[in-house]
Amino acid sequence: MRLGSILNCVLCTLTVAIALAGAAPPPPATDPALAAQVAAMLLKLNSEDFRIRDAASTAVEGLPAEALPLIEAALASGELSPEVSVRLDAKVSLLKRKAAATAYENSIRQELEWNRTTALTAYDQGGHTNPKWDAAAREALVLQTRPRIDLNRSPRDDARIAAALQKAIDLGCDDPFLLYLRALRSRALPGYEPRKAYEMIDHAAAGVIAGHYPAFRKMMAAARTAEAIVAIEPAPFSIATKRELAMNLDFALAEMPDAVREGAPRALMYDAAAALYSCYAVLFDNAEKGMTRVETALRAAMPKTNLPFILAADFYLARAEAVRNDLDPPSVRTEPANKAKVLAELDAKSTAAIDAALAIDPQDPVALIDKLRHLTYTQASREEFEPWFEKSMAAYPNNLRACQIKRIFLARINPGGQEATEFARQCLAGANWSSRIPLIIVDLHTGNSRFDSPEEYFARSDVWNDVQAAEEGYLKLYPRALFDRTNYAMVACYARRWDIAKAQFDLLGEDGVHSVFRGKQTYDYYRRKAELLAAAAPK
């Protein structure tokens with residue numbers, strides 16, 4: 001078949017599929033260059049030369065996720081030879097996994113972009129713009145908006161953000177939203193004083209709530225004010241404090257439907273709900289009552305999503321973990337005689353919530369992770385766990401969290417056994433670097449090392465070889481991964497590989513993530529030690 005015929009076949013079949021979809025929204029426009037690439041690959045798959053056919057078959061694996069509709073259209077056309085159809089069909093599952101990963105990761109990127117765009121919109125519409133400070137304010141807002149889970153934020157990043165916010169304020173910016181963001185950052189400053197932070201947050205948040213700002217921003221301002229109130233006064237609260245806390249929480253819940261209508265991403269709505277129920281739990285002196293209050297409001301605001309059920313599932317899973325490991329304060333800790341009964345009740349409630357979430361979306365990676373967490377804490381059999389793990393990885397092939405849970409599961413069902421280590425080494429061999437899955441081997445060894453003497457553990461050649469392979473492989477591709485480079489420096493110090501530790505510290509400069517070493521003082525200590533001992537080592 002000629003290239004033009006194959007290309008027309010692919011594109012025409014796509015057009016028919018879209019037409020048959022009726023009211024379904026059309027997919028994004030096909031990239032002509034990608035369509036041509038697929039068509040050329042189909043020709044090579046049909047070549048008389050086996051080597052060309054084999055190379056083309058391998059090359060299909062390198063296609064982006066966007067090629068999946070083109071491949072499926074070609075298979076459905078009936079124009080391909082039986083051998084080409086067999087070769088392509090074998091690759092469709094791989095492309096489907098790519099498509100699943102791409103869709104989920106696109107949603108994460110869109111969430112960050114939404115957060116940044118709406119932060120700038122909130123400032124622009126707040127009524128406090130001025131050419132004197134607009135550029136500085138917008139720069140501060142862009143720097144301030146970071147990913148929800150931000151492993152690589154360094155102290156220097158924090159200093160840049162704080163300086164940008166202060167520059168706008170020094171130029172005269174009185175925008176309540178920007179002042180509110182600066183107030184939130186005060187909680188992370190050295191010498192943090194809860195009451196002073198509360199006063200800053202309360203004053204700035206009041207301006208946001210009263211001003212011309214989006215509902216999501218007002219909801220979060222009220223929620224963060226409630227958190228600040230809880231931080232300054234131990235329970236039981238005075239009547240005045242209860243009244244103020246309830247007012248902020250109820251206002252935030254009332255803004256929830258409008259925040260959803262604005263398009264607030266699911267993950268950000270989850271963060272808001274979690275902040276609210278933790279404060280309601282304190283107000284009611286009843287954690288489950290606080291969660292139920294927010295879950296009910298979330299169901300009303302987002303009736304077609306599974307987010308309320310995920311919120312409930314996470315709550316009951318966390319409660320079960322707290323009860324099982326005696327993590328509650330002694331005054332409310334579950335008595336040993338009642339543990340089995342309480343855990344059975346929490347198990348039933350978490351099961352119901354997870355099942356409800358999966359009934360709405362069986363492919364939701366977050367709901368599937370909750371299923372794996374539940375199977376782990378109830379000590380399910382491996383035969384029961386494995387199919388759900390496979391479902392999780394099929395729904396999202398870059399599912400680092402699912403792999404982390406499996407490592408924990410394997411360690412729990414066979415403490416001291418090799419299953420967890422073997423799985424972690426399989427993750428390393430898979431070389432799925434973009435997902436960070438190969439770094440599970442580092443997590444495993446860090447967890448296995450004794451807290452009081454990790455030096456003895458990391459000095460083992462098999463352990464060090466695993467860690468070095470994972471860290472070097474990852475950092476080669478992602479040299480600005482500050483968290484992982486700092487972690488590599490720490491493990492190298494434990495292993496007494498002072499030359500490697502010094503090299504990592506030198507590359508980090510002032511951007512080391514101090515929390516890896518549990519603080520700046522310990523970080524600086526090991527940094528100096530690595531420099532001295534690396535210099536003293538024989539060349």
Worksheet item: When rounded to the nearest 0.5 angstrom, what is the spacing between CD1 in Ile229 and NZ in Lys242?
Response: 14.0 Å
Fill in: Set of side-chain hydrogen bond (donor to acceptor under 3.5 Å, both in side chains) partners for Arg299, sequence neighbours left out
Glu295
Fill in: Electrostatic pair Lys349:Glu288 at N-O distance under 4.0 angstrom
yes
Taking only distance into account, with no hydrogens and no angle test, what donor-acceptor pairs under 3.5 Å do side-chain atoms of residues 159-167 form with protein atoms, sequence neighbours excluded?
unit_1: Arg160; atom_1: NH1; unit_2: Asp157; atom_2: OD1; d: 2.7
unit_1: Gln166; atom_1: OE1; unit_2: Arg182; atom_2: NH1; d: 3.0
unit_1: Gln166; atom_1: NE2; unit_2: Asp170; atom_2: OD1; d: 2.9

Discussion item. Can you confirm whether more than 12 heavy atoms, excluding those of Leu477, are under 6.0 Å from its CG atom?
Written reply: yes
Practice prompt. Name all residues meeting the side-chain hydrogen bond (donor to acceptor under 3.5 Å, both in side chains) criterion together with Glu244; count only those two or more places apart in sequence or in a different chain, and write none if there are none.
Written response: Tyr198
Distance-only donor-acceptor hits, side chain of residues 215-223, under 3.5 Å, sequence neighbours excluded:
unit_1: Arg217; atom_1: NH1; unit_2: Asn115; atom_2: OD1; d: 3.3
unit_1: Arg217; atom_1: NH2; unit_2: Asn115; atom_2: O; d: 2.9
unit_1: Arg217; atom_1: NH2; unit_2: Asn115; atom_2: OD1; d: 2.9
unit_1: Arg217; atom_1: NH2; unit_2: Thr118; atom_2: OG1; d: 2.7
unit_1: Lys218; atom_1: NZ; unit_2: Ile209; atom_2: O; d: 3.3
unit_1: Lys218; atom_1: NZ; unit_2: Gly211; atom_2: O; d: 3.0

Worksheet entry | Partner set under ring-ring contact (aromatic ring centres under 6.0 Å, His included) for Tyr277, not counting sequence neighbours | Phe315
Worksheet item: How about Gln363 and Tyr396: does a side-chain donor come under 3.5 Å of a side-chain acceptor?
Response: no
Worksheet item: What do the steps show when you test Glu321 against Arg324 for salt bridge (Lys or Arg N to Asp or Glu O under 4.0 Å), and what is the final call?
Response: CA-CA 5 Å; Glu321 196 69 14; Arg324 180 176 298 98; 3.5 Å; yes
Response to the item:
For His374, the ring-ring contact (aromatic ring centres under 6.0 Å, His included) test, sequence neighbours excluded, returns Tyr377
Worksheet item: When you measure from the centre of the six-membered ring of Tyr474, is the NZ or CZ of Arg436 under 6.0 Å away and within 45° of the axis?
Response: yes
Discussion item. With a sphere of 6.0 Å drawn around CG of Asn130, does it hold more than 12 non-hydrogen atoms of other residues, nucleotides or ligands?
Written reply: yes
Worksheet entry | Straight-line distance of Ile369 CD1 to Leu317 CG, nearest 0.5 Å | 12.0 Å
Discussion item. Between Asp524 and Lys520 (salt bridge meaning N to carboxylate O under 4.0 Å), is one present in this structure?
Written reply: yes
Discussion item. Using only atom types and a distance under 3.5 Å, with no angle test, would you say the side chain of Thr334 pairs donor to acceptor with the backbone of Val323?
Written reply: no
Discussion item. Under the rule for ring-ring contact (aromatic ring centres under 6.0 Å, His included), what residues qualify as partners of Phe284, not counting sequence neighbours?
Written reply: Tyr280
Practice prompt. With the side chain counted from C-beta on, respond yes when Trp114 and Gln110 share a heavy-atom pair under 4.5 Å apart, and no when they do not.
Written response: no
Worksheet item: When you check the gap from the basic side-chain N to the acidic O, do Arg187 and Glu227 get nearer than 4.0 Å?
Response: yes
Discussion item. Can you list everything that forms a side chain to side chain contact (heavy atoms under 4.5 Å, CB included) with Val282? Sequence neighbours excluded, please.
Written reply: Val230, Phe237
Item to complete: Quick one: pull up CG in Leu276 and CE in Met291 and give me the separation to the nearest 0.5 Å.
Response: 13.5 Å
Worksheet item: salt bridge (Lys or Arg N to Asp or Glu O under 4.0 Å) between Asp158 and Arg153: does it pass, once the steps are laid out?
Response: CA-CA 7 Å; Asp158 287 330; Arg153 191 173 76 185; 3.0 Å; yes
Worksheet item: In Å, rounded to the nearest 0.5 Å, how long is the span from CZ of Arg401 to CD1 of Ile405?
Response: 4.0 Å
Item to complete: Identify, with sequence neighbours excluded, every residue that meets side-chain hydrogen bond (donor to acceptor under 3.5 Å, both in side chains) alongside Asn248.
Response: none
Discussion item. Quick test of your reading of the model: are Arg195 and Asp202 salt-bridged, counting only N-O distances below 4.0 Å?
Written reply: no
Worksheet item: So, Tyr270 versus Asp314: side-chain donor-acceptor pair below 3.5 Å or not?
Response: yes
Response to the item:
Output for pair (Lys529 NZ, Cys493 SG), nearest 0.5 Å, gives 8.0 Å
Discussion item. Does anything in residues 253-268 form a salt bridge (charged side-chain N to carboxylate O under 4.0 Å, His left out)? List the pairs, not counting sequence neighbours.
Written reply: Asp258-Arg261, Arg266-Asp364
Response to the item:
Applying side chain to side chain contact (heavy atoms under 4.5 Å, CB included) to Thr305 and not counting sequence neighbours gives Met302, Leu307, Pro308
Fill in: Inter-residue atom distance Asp370.CG - Tyr316.OH, 0.5 Å rounding
13.5 Å
Practice prompt. Could you tell me which residues satisfy side-chain hydrogen bond (donor to acceptor under 3.5 Å, both in side chains) with Arg480, sequence neighbours excluded, listed by chain and number?
Written response: Asp511
Worksheet item: Given Glu113 and Thr117, is the side-chain hydrogen bond (donor to acceptor under 3.5 Å, both in side chains) satisfied, shown in steps?
Response: CA-CA 6 Å; Glu113 186 58 34; Thr117 300; 3.0 Å; yes
